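Below: the structure, in structure tokens.
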There are 2 protein chains.
Amino acid sequence: MSRKAFQRLSQDDRRRDLIEATLVCIAQHGLHGATVRRIADQAGVTPGLVRHHFGSKEEMIRNAYAYLVGQLTTEASERARQARGAADAQLRQFLVANMTAPNLSEEKVSLWATFVGRVRYEADFATIHREGYREFLHLLEALIEPVLIDHGLPHDTATCRRHAIALNGLIDGLWVEGSLNSGLYGQALLPDLLLDASERLLGLPANTLSRSH
Amino acid sequence: MSRKAFQRLSQDDRRRDLIEATLVCIAQHGLHGATVRRIADQAGVTPGLVRHHFGSKEEMIRNAYAYLVGQLTTEASERARQARGAADAQLRQFLVANMTAPNLSEEKVSLWATFVGRVRYEADFATIHREGYREFLHLLEALIEPVLIDHGLPHDTATCRRHAIALNGLIDGLWVEGSLNSGLYGQALLPDLLLDASERLLGLPANTLSRSH
DNA sequence: CGAGGAGTTATTCGATTGTATAACAGGCAG
DNA sequence: CTGCCTGTTATACAATCGAATAACTCCTCG
């Protein structure tokens, strides 16, 4: 019986392949069903590779969590950055990015929830969550402040932070429920609803976010 | 070697004991670590009992999920019902109930997230989630409408529903992030922030929710 | 008080898991 | 073209899992 033919990949490529295979397995079968054998199978390699590149299954999964969080915030901040217009337009794009594909995805929400469920009891997950949360909050604060300034609203640090916390909560909640109940909503409802709600939360004139750009 | 002395419980009591033991195990060790043996150990019985009362481990876990969802919505709606004042006060209590113990709990959020992570890929979990979501949304709508009426605001069905979706998202998001990052916030911050944000979302005069009752 | 049955325990089994180790082979240095 | 390093495969192993079965005991009912 001959050995399986295989391809040699760069360390980065192989690691990324394994991480993405891990995410697929966790989404479809849960953390309990994401076995080393299944991950390897999904990636088209043999189980030994997981250990070779990540040392242990737990380390493999930690890397997958960090990878997911990075994907989510990078996508949103990138979309905001590309809106090279007024502050309104940047905030708008950031918000919309979280209510549309690829971030609005049942698979991504499932993964996020699965990991978040472990944050309380596993220190490494808590670290990844905390850093991701802080980064997201800072991005949001930085986007909110110039908008408040443009409209002549109070924009002290405490106010910005408070708005960011509320807005972040609203984004998270709509993102989760919107993805899981995507069948119930039209595709345009969620972005529209978030923009509308954000204007109210920040005290902006109606349609400043909805109409910008 | 003598057999372990044991106590005979009513079916309801034993099932509840097992369900709560299951939730403890899932919270602490995740779905993958909630083994029949560990659950039985947590409940102070032997593994066979799980099968005897629930048929299989999966059925056991489904019951635990439904139990958790029921706990959360019952607590919030009960607190709202007990505020026998104006509509403002009832909505206020409903909101506050979700930002304070026992609902605001790292353990409960961890459990909720763990289960939600499976909603996409397991039909039974999807059913439990969907029913819970609809019930929560209806409760919220029913609480919002009279408040809008009292303040002379538009209160057609579509408007109420839209407000309920946004408010539900805000509650969920703050609930999750607030519980997981409870160390970062003072105990009074979250309820206060949610009430304030809810007033803005619904277009109510400032302090109508914060000051009622 | 003393059977009978349902609730509970004890024990076992095949399957699957994460990990360890040795054998193999692809592709770059010389 | 040819070693040789290391990415990769193949195989094995102890531990643990969910489930099944049989034995036992608490409690109810007559």
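This is a predicted model, so every value here is computed, not measured. Every chain is numbered from 1, with letters handed out A, B, ... down the list of sequences.
Across the protein-nucleic acid pair, A:Met60 atom CE and C:dT17 atom C1' stand 17 Å apart, rounded to whole Å. Distance A:Asp13 CG to D:dT8 C1': 16 Å, rounded to the nearest Å. Following rounding to the nearest Å, B:His53 (NE2) and C:dT8 (C1') show an atom-to-atom distance of 8 Å. Summarising the geometry, the separation between CG on A:Asp12 and C1' on D:dG7 is reported as 14 Å, rounded to the nearest angstrom. When rounded to the nearest whole Å, the span between CG of B:Leu18 and C1' of C:dT8 equals 11 Å.
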Mind listing the side-chain donor-acceptor pairs of residues 169-179 of chain B below 3.5 Å, one per line with the distance, residues two or more places apart or on another chain?
| residue | atom | partner | partner atom | Å |
| --- | --- | --- | --- | --- |
| B:Trp175 | NE1 | B:Asn103 | O | 2.8 |
| B:Glu177 | OE1 | A:His129 | NE2 | 3.4 |
| B:Glu177 | OE1 | B:Asn181 | ND2 | 3.3 |
| B:Ser179 | OG | B:Trp175 | O | 2.9 |

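Among D:dA19, D:dT9, C:dA10, the nucleotide with an atom closest to any side-chain atom of B:Thr46 is C:dA10.
Of the residues in residues 25-41 of chain B, those lying under 4.0 Å from DNA chain D by heavy-atom distance are B:Thr35, B:Val36, B:Arg37.
Residues that satisfy the salt bridge (Lys or Arg N to Asp or Glu O under 4.0 Å) test with B:Glu78, not counting sequence neighbours, are B:Arg81. Taking B:Glu199 as the reference, B:Ser210 meet the side chain to side chain donor-acceptor pair (under 3.5 Å) condition, with sequence neighbours excluded. Residues passing the ring-ring contact (aromatic ring centres under 6.0 Å, His included) test with A:Phe54: none are found, sequence neighbours excluded. In this structure, the ring-ring contact (aromatic ring centres under 6.0 Å, His included) partners of A:Tyr65, at least two apart in sequence or on a different chain, are A:Phe115, A:Phe125.
Mapping A:Gly55 and B:Leu49 onto DNA chain C by nearest heavy atom places B:Leu49 at the nucleotide closer to the 5' end. The residue among B:Lys57 and A:Gly44 whose nearest nucleotide of DNA chain D lies closer to the 5′ end is A:Gly44.
No engagement by B:Val50 is indicated, since no non-hydrogen atom pair under 4.0 Å with the nucleic acid exists.
Phosphate proximity of C:dT8 to B:His52: absent, as no side-chain N or O sits under 4.0 Å from OP1 or OP2.
Within a 6.0 Å sphere centred on CD of A:Gln82, other residues, nucleotides and ligands contribute more than 12 heavy atoms.
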